[in-house]
Peer 1: 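Pasting a structure below so you can have a look.
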Amino acid sequence: MLPQYNSGAFPSGPVRIHNIEVEKRDERYGFQPDVEGIMDNGERLLIEFRVSHKVDGKKRQIIVDNHLKCIEIDINYQTLDRIQLKEFLTDTADDRKWIVSIPSLQKPTGDSFSFGKNPMYEKTRDILKEIFDKGTIIIHPYCTSFYHPDNPFDLRQLGYDVCEVNTKYHGFKSDLLLYRSQEENKGHISINIRGRKRNAGFQYPKGLRIIDVIFRFFGSEEYTRQRLKEGDLVDDTDMDIKYFGFKE
């Protein structure tokens, strides 16, 4: 399934591809697309799969300068199940776009500072893991039905007993990844220490719930321990808690 492009210069919707070749180097243009084939209209179609990096500047420039038709498909958050992956590629136009130009660099939007390499980033993550290992983490999702903002939720009481550091779930990296070891539906929760809010519309895997702990200010280790005392994640003047993927 091909994505829409607002100028009408590119096809969209379902398309059949013939003469498919995988990772065949194009000697004329000097690069190797992940997949290429011929569409019903006789035009060549290139496909790049995004796993860890976007199509780089040099390859992108070759595609644009030579008016090649190429789509980039982001498969970072897709399951490895063969049937579901086939449905994603053929039945939807999600997470894919035409390679049409070199994107201009944009300054990230959102509140607060960037902590860069501030050592308190990892220290805060480790403090929160230590708190969970010795006790629990308490959350307050702002939701309207099953969860209620006035009722805190103790993750230990909800069955969460595993907390892993710097772990990926379907390609999404978490500072702390929590899940239930004793249930088939593990209900993964990603907790991340950040210095700013995420940009609107960011993507993450289906089935993952995210909690961002956003610091406007990093104090000393002692100060941080006091603010995270007993693992109760609540907003204050220097820290915001944001929830994604929880039931509404």
Side-chain angles (χ1 to χ4, degrees), residues 1-18 20-23 31-40 43-64 67-110 166-175 177 186-190 192 194 196-212 242-248:
M1 183 84 74
L2 299 180
Q4 294 280 348
Y5 184 65
N6 55 15
S7 74
F10 296 89
S12 62
V15 63
R16 288 189 297 179
I17 306 174
H18 311 276
I20 294 174
E21 295 185 278
V22 178
E23 295 186 338
F31 76 99
Q32 179 175 290
D34 292 333
V35 176
E36 67 170 279
I38 305 298
M39 296 182 285
D40 282 341
E43 291 185 298
R44 182 186 185 196
L45 176 68
L46 308 180
I47 301 175
E48 292 285 336
F49 293 106
R50 179 180 174 183
V51 179
S52 57
H53 301 289
K54 297 180 180 180
V55 174
D56 62 37
K58 182 178 179 181
K59 181 184 287 187
R60 182 182 293 269
Q61 194 65 61
I62 292 172
I63 292 168
V64 172
H67 308 290
L68 303 177
K69 287 185 167 57
C70 178
I71 60 172
E72 181 181 59
I73 304 178
D74 188 342
I75 59 172
N76 272 290
Y77 304 146
Q78 298 304 316
T79 175
L80 296 179
D81 179 83
R82 188 180 184 89
I83 295 176
Q84 293 183 30
L85 187 58
K86 180 180 178 181
E87 290 176 351
F88 165 73
L89 294 173
T90 61
D91 297 347
T92 78
D94 296 341
D95 299 335
R96 65 202 69 185
K97 60 185 178 181
W98 289 101
I99 301 299
V100 293
S101 63
I102 297 177
S104 59
L105 295 176
Q106 296 181 348
K107 185 178 180 180
T109 59
N166 288 344
T167 302
K168 287 186 176 181
Y169 175 78
H170 290 182
F172 187 92
K173 186 176 180 180
S174 304
D175 291 331
L177 184 68
K186 297 183 183 296
H188 291 77
I189 294 178
S190 169
N192 305 281
R194 296 179 57 83
R196 61 164 60 94
K197 294 179 182 178
R198 297 180 187 272
N199 293 339
F202 85 98
Q203 296 179 338
Y204 57 93
K206 293 179 180 179
L208 180 67
R209 289 175 290 178
I210 297 173
I211 303 170
D212 284 344
K242 299 297 180 183
Y243 297 90
F244 303 90
F246 287 80
K247 292 183 178 181
E248 297 182 354

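Note: hydrogens, waters and symmetry copies are ignored here, and every other heavy atom, side chains too, is used.
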Peer 1: Keeping Arg60 on the side-chain end and Lys58 on the backbone end, is there a donor-acceptor pair under 3.5 Å?
Peer 2: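 No; zero donor-acceptor contacts below 3.5 Å.
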Peer 1: I need the minimum non-hydrogen distance between Ile75 and Phe88, along with the two atoms involved.
Peer 2: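 Closest approach of Ile75 to Phe88: CG2-CE2, 4.0 Å.
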Peer 1: Please test Lys86 against Asp91 for side chain to side chain contact (heavy atoms under 4.5 Å, CB included), starting from the C-alpha separation and ending with a verdict.
Peer 2: CA-CA 8 Å; Lys86 180 180 178 181; Asp91 297 347; over 6 Å; no
Peer 1: Carefully, step by step, assess Ile210 and Arg198 under the rule side chain to side chain contact (heavy atoms under 4.5 Å, CB included).
Peer 2: CA-CA 11 Å; Ile210 297 173; Arg198 297 180 187 272; 4.2 Å; yes
Peer 1: Between the main-chain N or O of Ile73 and the side-chain N or O of Asp95, is there a donor-acceptor pair closer than 3.5 Å?
Peer 2: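 It does not hold such a pair.
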Peer 1: Atom NZ of Lys59 and atom NZ of Lys54: how far apart are they, to the nearest 0.5 Å?
Peer 2: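 Interatomic distance, Lys59 NZ to Lys54 NZ, rounded to 0.5 Å: 15.0 Å.
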Peer 1: Report the distance from atom CD of Glu87 to atom CG of Leu89, rounding to the nearest 0.5 Å.
Peer 2: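 That separation rounds to 10.5 Å.
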Peer 1: Let's go through Glu36 and Arg44 carefully: what are the C-alpha distance in whole Å and the side-chain angles of both, what is the deciding distance for salt bridge (charged side-chain N to carboxylate O under 4.0 Å, His left out) to 0.1 Å, and is it a yes or a no?
Peer 2: CA-CA 7 Å; Glu36 67 170 279; Arg44 182 186 185 196; 3.2 Å; yes
Peer 1: Flag the pair Arg96 / Leu2 as yes when at least one side-chain heavy-atom distance between them is below 4.5 Å, and no otherwise.
Peer 2: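 No, their side chains stay 4.5 Å or more apart.
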Peer 1: Say you draw a straight line from CD1 of Ile99 to CG of Leu68; how long is it, rounded to the nearest 0.5 Å?
Peer 2: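 These two atoms lie 11.0 Å from each other.
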Peer 1: Which pair of heavy atoms, one from Phe31 and one from Glu48, lies closest together, and at what distance?
Peer 2: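 Closest approach of Phe31 to Glu48: CE1-OE2, 4.4 Å.
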Peer 1: I'd like to check Ile17 versus Val35 (side-chain heavy atoms, cut-off strictly below 4.5 Å). Are they in contact?
Peer 2: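 They are not in side-chain contact.
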Peer 1: Hey, is the main chain of Val55 close enough, under 3.5 Å, to the side chain of Glu72 for a donor-acceptor pair?
Peer 2: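 Yes.
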Peer 1: Do Asp175 and Asn166 pass the side chain to side chain contact (heavy atoms under 4.5 Å, CB included) test, and can you show the C-alpha distance, the side-chain angles, and the key distance before you say yes or no?
Peer 2: CA-CA 5 Å; Asp175 291 331; Asn166 288 344; 4.1 Å; yes
Peer 1: For the atom pair CG (Asp94) and CE (Met1), what is the distance rounded to the nearest 0.5 Å?
Peer 2: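 Between Asp94 CG and Met1 CE, I get 9.0 Å after rounding to 0.5 Å.
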Peer 1: Please give me the minimum heavy-atom distance between Leu208 and His188, naming the atom from each residue.
Peer 2: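 In this case the closest contact between Leu208 and His188 is CD1-O, 3.6 Å.
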Peer 1: To the nearest 0.5 angstrom, please state how far the OG atom of Ser190 sits from the CZ atom of Phe172.
Peer 2: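 Between atom OG of Ser190 and atom CZ of Phe172 there are 4.5 Å.
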Peer 1: Taking the six-membered ring for Trp, are Phe10 and Trp98 closer than 6.0 Å centroid to centroid?
Peer 2: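 Centroid distance Phe10-Trp98: below 6.0 Å, so yes.
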Peer 1: Might you point out which heavy atoms bring Pro33 and Leu46 nearest each other, and give the distance in Å?
Peer 2: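 It is CG-CD2, 4.1 Å.
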Peer 1: Spell out, as yes or no, whether a donor-acceptor pair under 3.5 Å connects the side chain of Tyr204 to the backbone of Gly245.
Peer 2: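 Yes.
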Peer 1: Could you tell me the separation between the CZ atom of Phe49 and the CD1 atom of Ile71, rounded to the nearest 0.5 Å?
Peer 2: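 If we round to the nearest 0.5 Å, Phe49:CZ and Ile71:CD1 are 7.5 Å apart.
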